[in-house]
Amino acid sequence: MEPSNKFLIQEEEVYSGALSCRGCGWALLVRHLSSILGKETVYVVPASCFSIIAGPYPMNELRGTIVHTIFAAAPATATGIRTALDRQGKKDVIVAVLAGDGGTFDIGFQSLSGAATRGENILYVCNNNGAYMNTGIQTSTATPYGAVTTTNPNSNIKKTWPKDLMGIIAAHNIPYAATASLAFMEDLRMKVKKAKETEGFRLLMIDGPCPPGHKTEPDKSIYVARQAVESKLFPLYEVEHHNYRINYFPSEYVPVKECLRVQGRFKHLFKDDSEEILNDIQQHTNDYWDRLRLLESHSFQVKN
Ligand SMILES: Cc1ncc(C[n+]2csc(CCOP(=O)(O)OP(=O)(O)O)c2C)c(N)n1
Ligand code: SF4
Ligand SMILES: [Mg+2]
């Protein structure tokens with residue numbers, strides 16, 4: 001994708017200063033997201049690093065309204081807010097959940113599934129940084145295979161594959177779901193706009209850089225995010241009902257180990273006897289990509 005200035009922010013909806021670490025994905029994501037969703041938006045925030053970054057009232061980071069809620073129930077809270085706004089005739093106001101992977105894949109999973117099944121008119125945004133970062137890097141079901149966190153048995157290395165949340169959400173037959181990366185800002189902004197304009201339950205899954213959790217240098221956040229897309233570890237695609245569309249096809253082959261190598265959470269994989277694990281991760285990545293290609297080739301032919 002060619003660089004362009006199409007994604008320059010016209011109007012800032014965040015105040016200067018943020019309580020995030022340097023190089024945090026949350027801060028950059030919310031800056032772009034809010035510039036598109038507008039200042040009327042109501043953000044529903046379950047426990048996560050963003051609960052802190054958003055700031056304590058009245059020193060909110062965002063111009064929009066922020067409703068902090070419990071970990072397990074952000075989509076339920078958003079459902080109630082949506083209903084109240086509709087009753088007031090404020091149908092144009094966006095209700096957006098901003099949740100981490102822990103709040104999405106694990107603790108808020110039942111509430112997410114419920115809201116998606118009911119077709120609630122809300123936008124759900126998951127900043128997936130692959131662990132419970134706010135409380136000290138505990139494993140979630142989004143944590144990548146082979147990553148070190150603070151809570152895995154046997155040397156703290158994760159030995160199960162992450163949950164296919166996008167596949168699960170697609171099975172709910174919702175009007176719009178997409179993955180996006182902070183290294184592909186034009187694509188990300190296009191998806192936020194599309195999600196804003198779509199009626200019904202929408203979900204965006206963002207690959208979230210986290211220097212302390214991924215053991216990376218803050219200035220490498222965008223580089224790592226780009227490598228994740230280029231190596232197909234984090235493919236960019238959209239799902240409309242059951243129809244898939246891949247948005248970016250890497251032109252060169254980048255092995256997954258090039259993306260893992262720069263992250264300290266995978267450094268044990270680059271010791272002598274770990275080639276097999278790296279091969280497994282490469283194979284899993286290839287298989288997922290092939291499955292996406294297959295799903296795409298069957299798409300826009302079926303009736304929803
Ligand atoms: C029911 C409940 N359990 C645990 C916590 C403590 N807690 C607050 S934030 C957090 C981690 C959130 O992880 P994630 O959703 O991935 O967001 P991140 O911090 O990575 O942005 C935890 C465990 C809580 N607030 N409520
Ligand atoms: S720990 Fe990670 S997710 Fe949390 S504020 Fe720092 S960089 Fe962001
Ligand atoms: Mg997380």
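Note that the structure is predicted; figures quoted are calculated from it, not measured. Each ligand, and each atom within it, is numbered from 1 in the order the structure gives.
Within the cation-pi definition used here (under 6.0 Å to the ring centroid, within 45° of the axis), Arg226 qualifies as a partner of Phe184. Figure legend: cation-pi geometry between Lys232 and Tyr248 absent, as NZ or CZ is not positioned both under 6.0 Å from the six-membered ring centre and within 45° of its axis.
Glu217 has no carboxylate O lying under 4.0 Å from a charged side-chain N of Lys220, or vice versa, which leaves the two without a salt bridge. A salt bridge is defined here as a Lys NZ or Arg NE, NH1 or NH2 lying under 4.0 Å from an Asp or Glu carboxylate O, and Asp86 with Lys90 fails to meet this definition. Taking a cutoff of 4.0 Å between a charged side-chain nitrogen and a carboxylate oxygen, Arg31 and Glu13 do not qualify as a salt bridge. Salt-bridge check for Asp187 with Lys191: passed, with a basic side-chain N closer than 4.0 Å to an acidic carboxylate O. Salt-bridge annotation for Glu240 and Arg245: present, with a side-chain N of the basic residue lying under 4.0 Å from a carboxylate O of the acidic one.
One side chain, Asn152 or Thr139, offers a donor N or O that lies under 3.5 Å from an acceptor on the other. For the residue pair Tyr15 / Asn60, no side-chain donor-acceptor distance below 3.5 Å is found, with atom types taken as modelled.
For Tyr288 and Trp161, the ring centers sit 6.0 Å or farther from each other.
In this structure, of Thr143, Asp101, Asn127, Asn134, the residue bringing a heavy atom nearest to atom 19 (O) of ligand 1 is Asn134. Closest heavy-atom approach to atom 17 (O) of ligand 1 among the candidates Gly136, Pro46, Ser140, Ser48: Ser48. Considering only non-hydrogen atoms, atom 20 (O) of ligand 1 lies nearest to Ala131 out of Cys49, Ala131, Cys24. Within the set Phe71, Tyr132, Trp26, Phe105, the minimum heavy-atom distance to atom 24 (C) of ligand 1 is found for Phe71.
Of all atoms in ligand 1, numbered sequentially from 1 with element shown, those under 4.0 Å from a heavy atom of Gly102 are 14 (P), 15 (O), 16 (O). Residue-ligand proximity, Met133 to ligand 1, at heavy-atom distances under 4.0 Å covers atoms 18 (P), 19 (O), 20 (O). The distance from ligand 1 to the heavy atoms of Thr135 drops below 4.0 Å at these ligand atoms: 6 (C), 7 (N), 8 (C), 10 (C), 11 (C), 22 (C), 23 (C).
The Mg ion (ligand 3) has Ala131 among its coordinating residues (N/O/S atom, backbone or side chain, under 2.8 Å). Residue Met133 does not count as close to the Mg ion (ligand 3), with no N, O or S atom under 2.8 Å.
Within the 4.5 Å cutoff, no side-chain heavy atoms of Asn127 are placed close to those of Leu98.
Ser274 contributes a side-chain N or O that, together with a main-chain N or O of His268, makes up a donor-acceptor pair within less than 3.5 Å.
In terms of polar-atom proximity, Ile107 is not counted as a contact of ligand 1, lacking any N or O under 3.5 Å from an N or O of the ligand.
In terms of distance to the Mg ion (ligand 3), the nearest N, O or S atom of Asp101 is named OD1.
Here the heavy atom of the protein found nearest to atom 15 (O) of ligand 1 is Gly103 N, 3.0 Å. Protein heavy atom in closest approach to atom 25 (N) of ligand 1: Ala47 CB, 3.4 Å.
Near atom 2 (Fe) of ligand 2, less than 2.8 Å away, sit the protein N, O or S atoms Cys210 SG.
The minimum heavy-atom distance linking Phe105 with Cys126 is given by the pair CE1-SG, 4.2 Å.
Counting heavy atoms under 4.0 Å from ligand 1, residue Asn129 touches it through the side chain alone.
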